[in-house]
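Worth saying up front: this structure is predicted, and the values here are computed from it rather than measured. A, B, ... follow the sequence lines: proteins, then strands. Residue 1 opens every chain.
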Amino acid sequence: MGSQFDLEILREKIAGLIRDALARGQAEGSIPAELPEYEVTIELPRRSEFGDLACNVAFRLAGKLRMPPRKLAEKIAAWIELDPEGELDRVEAAGGGFLNFLLKKRVWGSVLGRIQKERGAYGDSSLGAGQRVMIEFVSANPTGPLHVGHGRGAAVGDSLANLLSVSGFQVWKEYYINNVGRQINLLGQSVLARFQERFYPGSGLDEIINGMPAVEFPADGYQGSYILDLARNLTKQPADFWPPPERAREEWIRAIGVYAGQSVLQGIKDDLERFGVVFDRWVSEEEIYRSGKVDQVLAELEKKDYLEKREGATWFKSKDAFGEEKDRVLIRSTGEKTYFASDIAYHREKFARGFDQIVNIWGSDHHGYIPRVRAAIQALGYPAENLKVILIQFVNLLRAGKPVSMSTRSGEFITLAELVAEVGRDAARFFFLFRKADSHLDFDLELAKKQAPENPVYYVQYAHARVASIREEARRMGISFPFPEWDLGLLTLPEEQVLLRQMAWFPNLVRESARALEPHHLTAYLLELAGNFHRYYHDHRVLPSKKTREVQRSGEGQRSKVEGQSQNDRGEKDLEPEKISNQDERERNFEPGELKLTYARLALCDSIQVVIKKGLDILGIQAPEKM
RNA sequence: GCCCCUGUAGCUCAGUGGAGAGAGCAAAGGAUUCCUAAUCCUUGGGCCGCAGGUUCGAUUCCUGCCAGGGGCGCCA
């Protein structure tokens with residue numbers, strides 16, 4: 001099985017070798033005793049001809065040492081002392097001055113030992129060192145159903161939470177409900193007006209309706225058909241739901257608004273659950289107010305002299321104190337507090353609860369809002385750099401090449417629920433995570449819906465299912481885990497080496513994606529891994545072929561025929577039919593060398609499946625055993 | 001006017017301070033006696049928006065310009 005493989009340790013080891021080599025050069029006087037600051041980074045070269053790992057340190061130092069990079073690289077290569085027992089086979093200077101390292105044949109294969117041992121934990125890291133991170137995302141106002149843009153935020157936030165979670169962070173997910181203020185009143189007014197328009201006669205509620213103040217549909221009211229549903233559902237409310245007739249119009253609107261908001265919120269919760277997104281806490285603006293935290297935070301800002309009364313309103317002095325564009329209103333001249341005021345209270349609560357990092361996922365239309373929130377956080381004495389904001393760019397929804405309009409107000413929008421119903425949860429999530437969050441996304445409904453090869457999500461899922469199928473077929477043949485042994489030295493095909501290298505890189509990819517808060521790197525990685533696997537599968541057999549077995553049983557001329565069969569399998573030709581020690585029943589049916597190769601390749605395929613599953617898990621996409 | 005995002009193949013987009021710049025789609029043609037053809041192979045296709053700068057080296061970093069999208073409220 002070989003020793004545990006860890007690419008990070010290996011990279012460190014190589015960097016150390018290079019530093020030692022430079023020290024040796026200094027000792028023999030070939031390079032100055034005083035070296036400028038330099039960094040040694042070990043990378044996976046793009047092309048396999050350039051070795052297994054590469055270093056560009058010669059380029060970095062060449063200028064300072066007044067030496068051509070290539071020449072310096074050659075010197076460093078000569079100074080490097082390789083441990084004959086270690087993983088490295090040789091090092092050479094290449095190109096304009098690269099140091100290319102070649103590993104011994106078996107080294108990449110040993111990554112399978114690690115994957116098989118760690119299984120679902122492969123890719124996990126302790127990057128976060130237990131730091132607590134809060135991710136606040138979606139947080140759509142409960143004034144209408146979630147639309148496609150919210151879906152993108154949900155997919156990004158949820159997979160980012162998974163990504164950070166496997167990277168050693170303690171993650172907490174929150175949805176902030178803006179259920180105070182004008183929008184909710186507008187919702188209430190819209191619903192109540194529709195109710196009066198449609199359900200006045202014969203709804204059995206004549207007495208209540210007679211007692212209710214007349215409400216006209218607002219000019220900027222909500223137009224969607226869900227408003228009609230909400231109005232219709234009012235007829236099912238019990239008598240004590242309705243405010244007493246003599247109460248003011250505002251109270252009626254507020255009561256209906258609260259009802260409608262709760263109802264819409266329930267719909268949002270259901271949609272998100274169907275989308276596979278679960279929050280640790282739903283916190284409402286109304287709660288923040290009720291707890292007194294808004295007044296508290298305003299008092300604190302007042303005490304620190306960050307507030308100013310002017311033109312009848314109370315302002316946060318963000319311009320002079322924090323170089324913001326202008327001061328911002330916290331309390332309107334009407335006495336109402338702004339959204340910003342309660343948001344400051346909410347953000348203070350986030351820090352006060354002890355989160356080390358706070359991530360907000362907002363629509364890109366909020367970008368102008370970020371500086372003032374940072375300013376407020378600073379004003380309260382918290383480190384603003386611990387707040388990271390990911391902006392989600394707009395989703396451009398296309399159907400048959402034509403853009404689909406998405407405006408909550410006009411009522412012509414595609415909801416997240418409709419999207420999931422049409423293309424499925426997995427395809428929707430994959431497409432949302434296909435691109436950088438802050439780049440515009442074209443979402444082609446027709447493509448996402450297609451259960452066809454040009455649809456990338458099925459391509460990746462199929463690779464996973466295909467391995468399951470191979471394993472099932474192997475089981476039918478009597479070959480199943482655990483294997484008596486597997487000789488990873490047999491995985492010598494270039495295609496196999498590529499797959500092994502790619503899987504060895506996976507933990508690094510996960511860690512870097514977590515560091516950058518960018519889950520979209522995983523989709524590209526999975527597509528590439530799946531592609532390499534599909535090609536490998538197509539060109540090479542994993543399981544013993546029937547033909548071989550027939551030849552084996554017939555007992556004549558098998559060698560030449562078997563070798564002829566595997567002509568394009570360079571690895572197989574090298575196989576010696578050596579005896580293997582295990583006395584397993586199944587081995588009577590197969591030629592021993594072939595069985596060993598099958599074990600190795602099954603381990604490879606199984607590991608590919610483990611990695612694909614892990615990647616899909618992080619993205620929140622299912623990994624089917626059968627398709 | 002100021003701010004954010006984007007500009008890479010016909011289309012949609014990855015990617016990288018380094019070694020002939022990648023994928024999918026689209027177009028054309030091909031591949032299955034045995035592990036799923038939801039797969040694979042072949043073929044074309046590129047001033048990496050433009051111009052400077054930093055660098056041994058820029059598609060990548062910086063500046064300016066051009067183009068597209070978005071934001072600049074006592075809305076949320």
Counting only heavy atoms not in A:Arg66, do more than 12 fall under 6.0 Å of its CZ?
no
Looking at every strand, decide which applies to A:Tyr537 at a 4.0 Å heavy-atom threshold: base, sugar-phosphate, or nothing.
base
Of A:Val373, A:Leu301, A:Thr338, which is the lone residue that meets side-chain contact (heavy atoms from CB on, under 4.5 Å) with A:Ile344?
A:Leu301
Report which part of the nucleic acid A:Tyr369 touches: base, sugar-phosphate, or nothing (heavy-atom distance under 4.0 Å, all strands).
base
Classify A:Asn56 by what it touches in the nucleic acid, base, sugar-phosphate, or nothing, heavy-atom distance under 4.0 Å.
base
Scan A:His366 against the nucleic acid and name what it touches under 4.0 Å (heavy atoms): base, sugar-phosphate only, or nothing.
base
Only Watson-Crick and G-U wobble pairs, only distances under 3.5 Å, only runs of 3 or more: what stems does that leave for RNA chain B?
B:1-7 with B:66-72, B:10-13 with B:22-25, B:27-31 with B:39-43, B:49-53 with B:61-65
side-chain hydrogen bond (donor to acceptor under 3.5 Å, both in side chains) test vs A:Asn360 passes for just one of A:Lys388, A:Lys350, A:Glu174, namely A:Lys350
Side chain to side chain contact (heavy atoms under 4.5 Å, CB included) partners for A:Glu302, two or more places apart
A:Leu307
Taking the side chain of A:Phe59 as its heavy atoms from C-beta onward, which of B:C74, B:C56, B:C3 lies nearest to it?
B:C56
Would you confirm whether the ring centroid of A:Trp282 sits within less than 6.0 angstrom of the ring centroid of A:Tyr176?
no
Side-chain N or O of A:Arg70 closer than 4.0 Å to phosphate OP1/OP2 of B:C56:
no
Pairwise N/O distances under 3.5 Å, protein to nucleotides 66-69 of chain B:
none

Please work out if A:Lys64 contacts a base, only the sugar-phosphate, or nothing of the nucleic acid, heavy-atom cut-off 4.0 Å.
nothing
Ring centroid separation for A:Tyr306 and A:Phe322, is it under 6.0 angstrom?
yes
Determine the contact category for A:Ala54: base if any of its heavy atoms lies under 4.0 Å from a base atom, sugar-phosphate if only primed atoms, P, OP1 or OP2 are that close, otherwise nothing.
base
